[in-house]
Undergrad: 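Sharing a structure, written as C-alpha cells. Questions coming.
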Amino acid sequence: MTSAPQFLTSLLDRYKDYNSQSRPSVTLTFAQSIDAKIAGKGGKQLILSGKESMIMTHWMRTMHDGILVGIGTALNDDPQLNTRHLPPRDPDPSSNGHSNPYHLPRPIILDTDLRLSPRCKLLKNFSEGRGRRPWVVCAELAAADSRAEWVDRRKELETAGARVVVLDSEAGANGLLPIPVILETLHKLEIRSVMVEGGAQVIRSFFSQGVTFVDTIIVTVAPTFVGEDGVSYNASLNILESGLFTPIAFLQSSGFKYHSREMFGPDTVVALCPA
Ligand SMILES: NC(=O)C1=CN([C@@H]2O[C@H](COP(=O)(O)OP(=O)(O)OC[C@H]3O[C@@H](n4cnc5c(N)ncnc54)[C@H](O)[C@@H]3O)[C@@H](O)[C@H]2O)C=CC1
Ligand SMILES: Nc1nc(O)c(N)c(N[C@@H]2O[C@H](COP(=O)(O)O)[C@@H](O)[C@H]2O)n1
C-alpha cells in the first residue's frame, strides 16, 4: 500500500469542508478485542492490531495535524505516535534523492498535573530530530503549596523540548481538562484536525460529550478475547457474551451511526459518524 487506503480518504476528506468550525475536526480511534478491551490486566499494553490494520492506523496519523493521548497512556505505553510502519516514500525529484518524509502529526498529551517524563520517547525523538515537538496540555495550578513543584516540572519539560500549553480554564474536580476548551485552544494554535488515540479515560471523556466534539470514530476490532481483567473504555461492556456487536451498538446508541467497515488482514475496522 503506497497511499492512504480509500477507506480512510472516503471518511476524512470531508474535513476539508469543515473550515468554518471553531474547533479541529476530531477522529476518535482505538483498537479493541472482541470483548471490547483496549489493554490487558493492570493496563498492560497489548498489540491488538495486526500488521495491516497497524499500517492503516499509521496512514491515519499522516492525515491529521495532531495526535492526542492522555497522560495515562503516555506513562504506561511510552508511545512514539509516528508513522514508522509506512513504506519508505519515493524521493522527491527536487530533493537530490533525499527521502520525502510523511506528514507527522503533532503529539499532544493531556497532562493535568505535568506528570510526563522528560525522558519519554516523544521528547527523545524530538531532540534527535526524529519527531515533532510534543505539546503538553495542562491547567494552571491554583494551589500555592504545590505551585513551586509544578513550576519546576514545567521547566524540566520545557528544557527537554516540550511546549507546555496552559489552558485558560481549571481542571474539573475529577482532574480532567474540559474538552471544549482543549479543542478551542488547539484550534487557536492552528490544529485543524486531531486524532484522539486514547486511552480509556480519554475515550470515555470524548464519548461523554456525545456527537458534539467527535466527527468520526474508527475502531479496529481484533479477533481476540482479552477477558474480564482487561481495560475497557466503558465498564458496562464487561459482558463477554456481548461479542463484537454490543460495542458497536453502544456507539450507535450514543449518537453515532454505522458508516462502513473493512477488513485489514484479520481485523475488522469499523467507522461510525454522527447520526
Ligand atoms: N488499544 C488501544 O487502541 C489503546 C490502548 N490504550 C491503553 O489505555 C490505557 C491507558 O488509559 P488510562 O489509564 O485511562 O489513561 P488515559 O490515557 O486515558 O489518560 C487519562 C489521564 O489523562 C488526564 N486527562 C486530562 N484531561 C482529560 C480529559 N478531559 N479526559 C480524560 N483524561 C484527561 C488525566 O490525568 C487522566 O487521568 C493503557 O493501558 C494503554 O495501553 C491507550 C491508547 C490506545
Ligand atoms: N492502533 C492501535 N493498535 C493497538 O493494538 C494499540 N495498542 C494501539 N495503541 C495506541 O498506539 C500507541 C503506541 O503508538 P506507537 O506504536 O508507540 O507509535 C499507544 O500508546 C496507543 O495510543 N493502537
Side-chain angles (χ1 to χ4, degrees), residues 15 21-30 60-61 63-82 103-127 131-143 146-209 212-215 233:
Y15 290 177
Q21 284 187 154
S22 57
R23 63 161 177 87
S25 300
V26 174
T27 307
L28 179 60
T29 186
F30 52 90
M60 206 190 317
R61 290 177 175 181
M63 298 165 83
H64 291 84
D65 291 344
I67 181 165
L68 180 151
V69 294
I71 183 64
T73 297
L75 294 175
N76 191 73
D77 299 357
D78 197 9
Q80 303 196 63
L81 308 178
N82 57 19
H103 166 76
L104 271 180
R106 165 86 55 202
I108 300 164
I109 301 108
L110 298 187
D111 187 7
T112 314
D113 302 316
L114 296 185
R115 291 190 292 144
L116 185 68
S117 166
R119 288 162 295 284
C120 69
K121 284 183 187 156
L122 287 170
L123 285 164
K124 186 164 179 281
N125 286 351
F126 171 64
S127 68
R132 300 190 70 179
R133 182 188 294 281
W135 291 358
V136 179
V137 179
C138 65
E140 187 76 51
L141 197 75
S146 44
R147 205 181 147 73
E149 275 176 39
W150 184 88
V151 169
D152 285 350
R153 284 202 298 279
R154 177 177 182 167
K155 257 192 222 141
E156 215 185 338
L157 284 173
E158 286 174 341
T159 304
R163 174 175 179 177
V164 174
V165 176
V166 184
L167 297 182
D168 192 11
S169 169
E170 288 180 9
N174 51 9
L176 305 186
L177 303 167
I179 304 277
V181 182
I182 296 167
L183 293 179
E184 195 185 308
T185 306
L186 293 179
H187 192 263
K188 283 188 189 142
L189 295 171
E190 315 235 316
I191 298 288
R192 294 290 176 259
S193 58
V194 66
M195 174 172 168
V196 176
E197 272 214 12
Q201 202 164 358
V202 167
I203 295 169
R204 277 195 292 272
S205 284
F206 274 83
F207 276 149
S208 72
Q209 305 279 328
T212 319
F213 296 109
V214 178
D215 299 287
Y233 51 91

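Note that this is a predicted model, so its numbers are computed, not measured.
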Undergrad: Is the closest side-chain heavy-atom distance between Val165 and Leu186 below 4.5 Å?
TA: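 The answer is no, as the side chains (C-beta and beyond) never meet within the 4.5 Å cut-off.
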Undergrad: Just verifying a value: how many Å separate Glu197 CD and His64 NE2, rounded to the nearest 0.5 Å?
TA: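 Result: 10.0 Å between the selected atoms.
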Undergrad: Okay, side chain of Ser193, backbone of Asp65: is any donor-acceptor separation there less than 3.5 Å?
TA: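 Yes; judged by distance alone, with no hydrogens or angles, the pair exists.
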Undergrad: Please round to the nearest 0.5 Å and tell me the distance separating atom CE of Met63 and atom NE2 of His103.
TA: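 Result: 10.5 Å between the selected atoms.
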Undergrad: Within the side chain of Asp111, is there an N or O that forms a donor-acceptor pair under 3.5 Å with the backbone of Cys138?
TA: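 A pair under 3.5 Å: no.
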Undergrad: Side chain of Asp78, backbone of Lys121: donor and acceptor closer than 3.5 Å?
TA: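 Side chain of Asp78 to backbone of Lys121: a pair is present.
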Undergrad: Quick check against the 3.5 Å criterion: does Arg192 have a side-chain atom that pairs as donor or acceptor with the backbone of His187?
TA: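 Checked: pair present.
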Undergrad: With a 3.5 Å distance limit and no angle check, can you tell me whether Thr185 reaches the backbone of Leu167 through a side-chain donor-acceptor pair?
TA: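 No: the side chain of Thr185 does not pair with the backbone of Leu167.
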Undergrad: What's the separation between atom OG1 in Thr73 and atom CD in Gln201, rounded to the nearest 0.5 Å?
TA: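 Reported value, rounded in 0.5 Å steps: 9.5 Å.
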Undergrad: Do Asp77 and Val69 touch side chain to side chain, with heavy atoms closer than 4.5 Å?
TA: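 No, side chains not in contact.
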Undergrad: What's the separation between atom CG in Leu68 and atom CD1 in Ile109, rounded to the nearest 0.5 Å?
TA: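 CD1 of Ile109 is found 8.5 Å from CG of Leu68.
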Undergrad: Please check if atom CG in Asn174 has more than 12 non-hydrogen atoms from other residues, nucleotides or ligands closer than 6.0 Å.
TA: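 Atom CG in Asn174 is crowded, with more than 12 foreign heavy atoms closer than 6.0 Å.
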Undergrad: Any donor-acceptor pair under 3.5 Å linking the side chain of Arg61 with the backbone of Ile67?
TA: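 Not at all, since once roles are kept as given, no pair shorter than 3.5 Å links the two residues.
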Undergrad: Charged N to carboxylate O below 4.0 Å: is that the case for Glu140 and Arg147?
TA: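 Yes, this pair counts.
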Undergrad: Measure the shortest side-chain to side-chain distance between Pro105 and Leu81 over non-hydrogen atoms and say whether it is less than 4.5 angstrom.
TA: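 Answer no - side chains too far apart.
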Undergrad: If you define the side chain from C-beta out and look only at heavy atoms, does anything of Asp215 sit under 4.5 Å from Arg23?
TA: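 Answer yes - side chains close enough.
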Undergrad: With rounding to the nearest 0.5 Å, note down the distance linking CG in Leu114 to CD1 in Ile71.
TA: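 It is 8.5 Å, given to the nearest 0.5 Å.
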Undergrad: Strictly distance-based, threshold 3.5 Å: is any side-chain N or O of Arg133 a donor or acceptor partner for the main-chain N or O of Gly161?
TA: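 Yes, Arg133 side chain to Gly161 backbone: donor-acceptor pair under 3.5 Å.
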Undergrad: Any side-chain heavy-atom pair from Pro107 and Arg132 closer than 4.5 angstrom?
TA: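 Of all side-chain heavy-atom pairs linking Arg132 with Pro107, at least one is under 4.5 Å.
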Undergrad: Taking the side chain as C-beta and beyond, is there a heavy-atom pair between Ile108 and Val137 under 4.5 Å?
TA: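 Yes; the side chains approach each other to less than 4.5 Å.
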